*Asks:* 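Starting off with a structure, shown below.
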There are 2 protein chains.
Amino acid sequence: MALKLGLVGIGKIARDQHIPALVADPRFELVACASRNARVEGVASFASVEAMLAEMPALDAISICTPPNAHFEAALAALRAGKHVMLEKPPAATTRQIALLQAEAARHGRTLFQTWHSRFGAGVDAARDWLRGRTLTGGTITWKEDVYEWHPGQQWIWDAGGLGVFDPGINALSVLTEVLAEEAFVHKAVLEFPENQQAPIAAHLDLRTEAGVTVKAEFDFRQKGEQIWDVELVTTTGRLRLSQGGGVLEIDGRPVAADAALAGEYPRLYARFAELCAAGQSEVDWRPFQLVADAFLIGERRTVAPHQV
Amino acid sequence: MALKLGLVGIGKIARDQHIPALVADPRFELVACASRNARVEGVASFASVEAMLAEMPALDAISICTPPNAHFEAALAALRAGKHVMLEKPPAATTRQIALLQAEAARHGRTLFQTWHSRFGAGVDAARDWLRGRTLTGGTITWKEDVYEWHPGQQWIWDAGGLGVFDPGINALSVLTEVLAEEAFVHKAVLEFPENQQAPIAAHLDLRTEAGVTVKAEFDFRQKGEQIWDVELVTTTGRLRLSQGGGVLEIDGRPVAADAALAGEYPRLYARFAELCAAGQSEVDWRPFQLVADAFLIGERRTVAPHQV
């Protein structure tokens, strides 16, 4: 029987990705949504997650795609009401909140799926498999996009806790931590803050692996023209390039054809959520978020030109 | 038989605390030290941890009290050489580094003791026991000290990654996470950065528990006169005040006498390290460090007057 799902936070990502994926997936029935302002045609609409939980006791699961500072309370309320929870990235406001949600899910025997959609890009699994057994010697992450195109009018991304350019950059870190055979940490960071905003518009990271290999990451929100979401990793026996945010894989300059049957990122996310709910398991990996927190922790702060949202 | 120990980083904390505690403890024999500049009378002195490990294969354990940005490499080298490792706070440069060290210690079957010395203050155990079963309604942490008195000439504390006022403030967070019966996270943070430094001179935090109770924390490096390291917690059935950094406990305004036989913080730290080595166990708790990283992650940054080191 389909899981009755309530969607929390009806913004751009909900309409672009979550709703189409849910409508197409017979394992879910989208029966409710919660949003301060927006409504979804054909499903019960509530002004808050609390109202939704109170009035829709038959809900099995909640998927949360509000701005991240509202994730924790919504997820906590849903878990305490006995619902399975799926969290859009970035997972919460702080890394400690994830630990608390993880414990709460375990306490209630419910699934917490803390998602990283870029890990479901068509090239990621093959990249991870190819890297196993190879020796990394270096790498470069280039994640440069035009914030006006991808986050139009979103002030929250610039407020304290909004992550700024790490909102997309965390996708790169989620791909890196998925494909690398070894662990990495932030060795050095420089963050560029617009003088009128609380979140960085650009970041330059030196990530280092346990073996001492450096992967450089360049995140920039000021990109015009070509938009770039690339991870390039060099080994002693070849190099790989994941582009389009994990969607396209090249090895030694030759394209690797993705499985034509492979669904898109969000259909795969919901398929995984259905599996986890059925198995009574959670899936949580805060490493990408910790890398971001660590970059803020040790990052040199530079002030740059003001940014108008 | 006494554990042969090498001390890494011979600065103020080594001379004030580590060496006296080690000299007094028959479970340890201080046989070597590593420091770029300093030497310790009567023990073999090396310019680096690598040299010490190479030339003193009989060492059983290493205790690291360098500035935190040197902890990771020293600890990794020592664990890989099969030594037990004790880490002074703050534990490393980043939270991810702790996870990597924890995995490395497990891989080699060695003890990693990631210490929080303030948890060994004379009032802390009694405070934790008193709080069990009580219902918290609020609290205030006041951690205000004169940086010129406690960190004279230490530029590293002001550099990116040096933590600034969180270097003492993390002690308060280590006490809070030890005594509270429930988990807390950073709900709101304001960080004051001197305009000529990369680390904050003051911080104002709202910590929140799972039950939604707020504990306010005020950290300040500009304190003149009385130095204050207090944690006050209010419950529905009384209030407690830990002062002097965890050393003195009052309940409902009445002093609670500490066990007169109780040793000081650092003697107790080394006693615990000896127990852990004997038991083949590690003890790691990165929650205080995560709270600091989370404060940097979501903190509103304010620029204040320059600070001359």
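Treat the numbers as computed from the prediction; the structure is a model and nothing was measured. In what follows, chains carry the letters A, B, and so on, assigned in the order in which the sequence lines appear, proteins first and then strands, with residues in each chain numbered from 1.
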*Asks:* Tell me if a side-chain donor or acceptor on A/R96 pairs with a main-chain N or O of B/Q290 at a distance below 3.5 Å.
*Replies:*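 The answer is no, because no donor-acceptor pair under 3.5 Å joins these two groups.
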*Asks:* Report the distance from atom CD1 of A/I98 to atom CZ of B/F185, rounding to the nearest 0.5 Å.
*Replies:*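 A/I98 atom CD1 to B/F185 atom CZ measures 11.0 Å (nearest 0.5 Å).
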*Asks:* Where on B/A184 is there a heavy atom nearer than 4.5 Å to chain A: the side chain, the backbone, both, or neither?
*Replies:* backbone
*Asks:* Give the minimum heavy-atom separation between A/L100 and B/E210, together with the two atoms involved.
*Replies:*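 Shortest heavy-atom contact: CD2-CG, 3.5 Å.
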*Asks:* Do A/Q198 side-chain atoms and B/R301 backbone N/O form a donor-acceptor pair below 3.5 Å?
*Replies:* yes
*Asks:* Given that the side chain runs from C-beta out, which part of A/A295 has a heavy atom under 4.5 Å from chain B: side chain, backbone, both or neither?
*Replies:*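 Looking at A/A295, nothing touches chain B.
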*Asks:* Within a radius of less than 6.0 Å around CD of A/E73, do more than 12 heavy atoms belonging to other residues, nucleotides or ligands occur?
*Replies:*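 Open.
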*Asks:* Mind listing the closest non-hydrogen atom pair of B/D294 and A/A293 along with its distance?
*Replies:* OD1-CB, 4.4 Å
*Asks:* Taking every heavy-atom pair that is under 4.5 Å apart, which of A/H187, A/K188, A/E104, A/E300 has the most such pairs with chain B?
*Replies:*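 Top count of heavy-atom pairs under 4.5 Å with chain B: A/E300.
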*Asks:* Given heavy-atom pairs under 4.5 angstrom as the criterion, report whether the side chain, backbone, both or neither of B/F289 touches chain A.
*Replies:* side chain
*Asks:* For the CZ atom on B/R107, are there more than 12 heavy atoms of other groups (residues, nucleotides or ligands in this structure) within a distance under 6.0 Å?
*Replies:*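 Counting neighbours around CZ of B/R107, more than 12 heavy atoms of other residues, nucleotides or ligands fall under 6.0 Å, so yes.
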*Asks:* Examine whether an atom of A/R80 lies under 4.5 Å from a heavy atom of chain B, and if so say whether it belongs to the side chain, the backbone or both; otherwise answer neither.
*Replies:*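 Looking at A/R80, just its side chain touches chain B.
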*Asks:* Nearest 0.5 Å, please: how far is CZ in B/R287 from OG1 in A/T95?
*Replies:*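 Answer for the OG1-CZ pair, A/T95 versus B/R287, is 12.5 Å.
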*Asks:* Counting only non-hydrogen atoms closer than 4.5 Å, does B/R208 touch chain A with its backbone (N, CA, C, O), its side chain (CB onward), both, or neither?
*Replies:*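 Just its side chain gets close to chain A.
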*Asks:* Name the region of B/A99, side chain, backbone, both or neither, that has any atom closer than 4.5 Å to a heavy atom of chain A.
*Replies:* neither
*Asks:* Using non-hydrogen atoms only, which part of B/V292 is less than 4.5 Å away from chain A: side chain, backbone, both, or neither?
*Replies:*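 Both parts, backbone and side chain.
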*Asks:* Side chains of B/L297 and A/L297: closer than 4.5 Å at any heavy-atom pair?
*Replies:* no
